[in-house]
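Chain naming here is simple, since letters A, B, ... match the order of the sequence lines and numbering starts at 1 in each. Just so it is clear, the structure is predicted and the values come from calculations on it, not from any experiment. Values reported hereafter were calculated over all heavy atoms of this structure, with side chains retained and with hydrogens, waters and symmetry mates removed.
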Amino acid sequence: MTQIKTIQDTEEEIIDEFSLFDSWDEKYEYIIDMGKKLKPLEDEYKKEGNKIKGCQSTVWMVSEFKDGKVFYRAESDAVIVKGLVSMLIRVLSGHTPKEILDAKLEFIDKIGMKQHLAQTRSNGLLAMVKQMKLDASVYSAQQITKN
Amino acid sequence: MHTTSLHIAFDVEQIRRHFPILNRLVKEKPLVYFDNAATSQKPIEVIEALSNYYKFYNANIHRGIHSLAEEATAAYEATRDTVQQFINAAHREEIIFTRGVTESINLVAYTWARTNLKAGDEIIITGMEHHSNIVPWQMIAEITGAKLKVIPVDDNGELIMEEFHKLLNEKTKLVSVVHASNSLGTINPVKEIIDASHKAGAMVMLDGAQSTVHLDIDVQELDCDFFAISSHKVYGPTGIGVLYGKKALLEAMPPFMGGGEMIKEVTFEKTTWNELPYKFEAGTPNIADTVAFKAAIDFLNKIGKKQIRHHEDELLQYATAELEAINGLRMIGKAKHKVSVASFIVEGVHPQDLGILLDNQGVAVRTGHHCTQPLMNRFGISGTVRASFAMYNTKDEIDVMIMALKKAIKLLR
Ligand SMILES: Cc1ncc(COP(=O)(O)O)c(C=O)c1O
């Protein structure tokens, strides 16, 4: 049986990838590339209710709860945010609500992207992390009431 | 031999030496600071005035009889004299210290407007106002039942003056207009607005947040009723600003805040107000920043606004030409008369992405709606990239920005 990657594993993986870069240019090039590769969200999902509004850029996010795991999809109108969002999805998607709620997401700091979390007013990234966790806690509550 | 003859020849390299922050690196690159419309950097004269105050004569003002209190009071009041001359006010007591433009506008809204406006009255603003010249009037309109009217903006970013003259009528009680736009750079025809408004019996308030640092301000010649300034955009410290108001108006206005300093006599039955300007300066004011604000104005005067304007105009023209040569780039704000603000968007690229990548090259610009959301809606955009220039900026720095921009666009498209 192949072992499923933990959130921690994926975080390490990303930190390793970024350790290959020694300039900011290269880091951002990589993030932009990931942003461009993120599968776009269908227009029907880009509605007000799925919007996570930052001051400058907008993120749309939807989540789904399947077999005890949360799956996320998202998009943004800004490419760099999209790249960061794609990393968050890569790290968190496919895990249980508890794992997601416990995730510290230290990789963001370790790859030098903490400023994007701190600038809460200028982009939706921190709001995005909060929304991902919020969705996870809602699913977790649903699970408890069902059992 | 080095003698600083700044007032004779404008020497940008000499000027740069006065601004310590310009020596720092950002992301291992020399800082290129093009966010001057948000706040300007401070010359060493201002930084030293600030620290000297705390080192040598910190005291509470207007109360103590000891030497320190006397010195602090003298320095604080000296700034008032300097500001009076700086904007050519008729009386020193027409200079009220506030925290900045936002507080100055709110002061007028909550004292003059709240007591003078009634249901059916009209306030005219423009379509290019900063939120701080929109929201206070909306709040006052809510309280008094007055209505807000807006002068529209054309595609070049200029006010449609015919529309203004149509809006103006006997119900108009106040016209509050941004002197120079922070998002577009447009210098508005405020003299025409003031004269027409006065004929119609309306008061005029000017938001001088952007104009004060670039233009010669003569409030008597303008004949505006109120004028608002933020020191931090004039090479001075944050947290201090000015409300200029005509004396007769200020005298008739009720106080804004109650407390110490602003009273003459207090009993539980009745309190009488202090005279101008103290009536509007309740509590211990921001003494240190006020004292250092004088150093900023002195510095600006020494170099001379005329020479600075000439330098900044050159930078703006050079930047505009270089920017317009970039494929898919569109300037937002093409007014005939502009302060040194270059706002633009690039087709297919989000302003925020450009801002982040420019920062990677050490270039600080502003991206977003610049607190002028209605104006962005007018142009059908969510925001712009804005480069704004100050006395210490150079053409070489513009070249750095253009290079960084081209690189970023290539990466992002
Ligand atoms: C045109 C304009 N008005 C008002 C303000 C508000 O100034 P302050 O934040 O210093 O009160 C600004 C500053 O951004 C401005 O540019």
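Contacts between residues 395-403 of chain B and chain A, counted as heavy-atom pairs separated by less than 4.5 Å, involve no residue at all.
Under the 4.5 Å side-chain criterion, counting only non-hydrogen atoms from C-beta, A:Glu12 is not in contact with A:Glu17.
Residue contact with chain B, scored on non-hydrogen atoms closer than 4.5 Å, is absent for A:Lys27.
Residues B:Glu347 and B:Arg330 are not paired through a salt bridge, judged by the lack of any N-O separation under 4.0 Å between the basic side chain and the carboxylate. Contact check on A:Glu29 versus B:Lys410 returns no salt bridge, with no Lys/Arg side-chain nitrogen under 4.0 Å from an Asp/Glu carboxylate oxygen.
Interface check for chain B: of the options A:Ile80, A:Asp33, A:Asp25, A:Ile32, the most heavy-atom pairs under 4.5 Å are formed by A:Ile80.
Screening residues 65-91 of chain A for ring-ring contact (aromatic ring centres under 6.0 Å, His included), with sequence neighbours left out, gives A:Phe65-A:Tyr139.
Between A:Phe18 and A:Tyr30, the ring planes are perpendicular. Angles over 60° get that label, and only those under 30° would be called parallel. Taking the six-membered ring for Trp and thresholds of 30 and 60 degrees, B:His369 and B:His131 have ring planes inclined between 30 and 60 degrees apart.
For the salt bridge (Lys or Arg N to Asp or Glu O under 4.0 Å) test with B:Asp359, the passing option among B:Lys27, B:Lys29, B:Arg366 is B:Lys27; the others fail.
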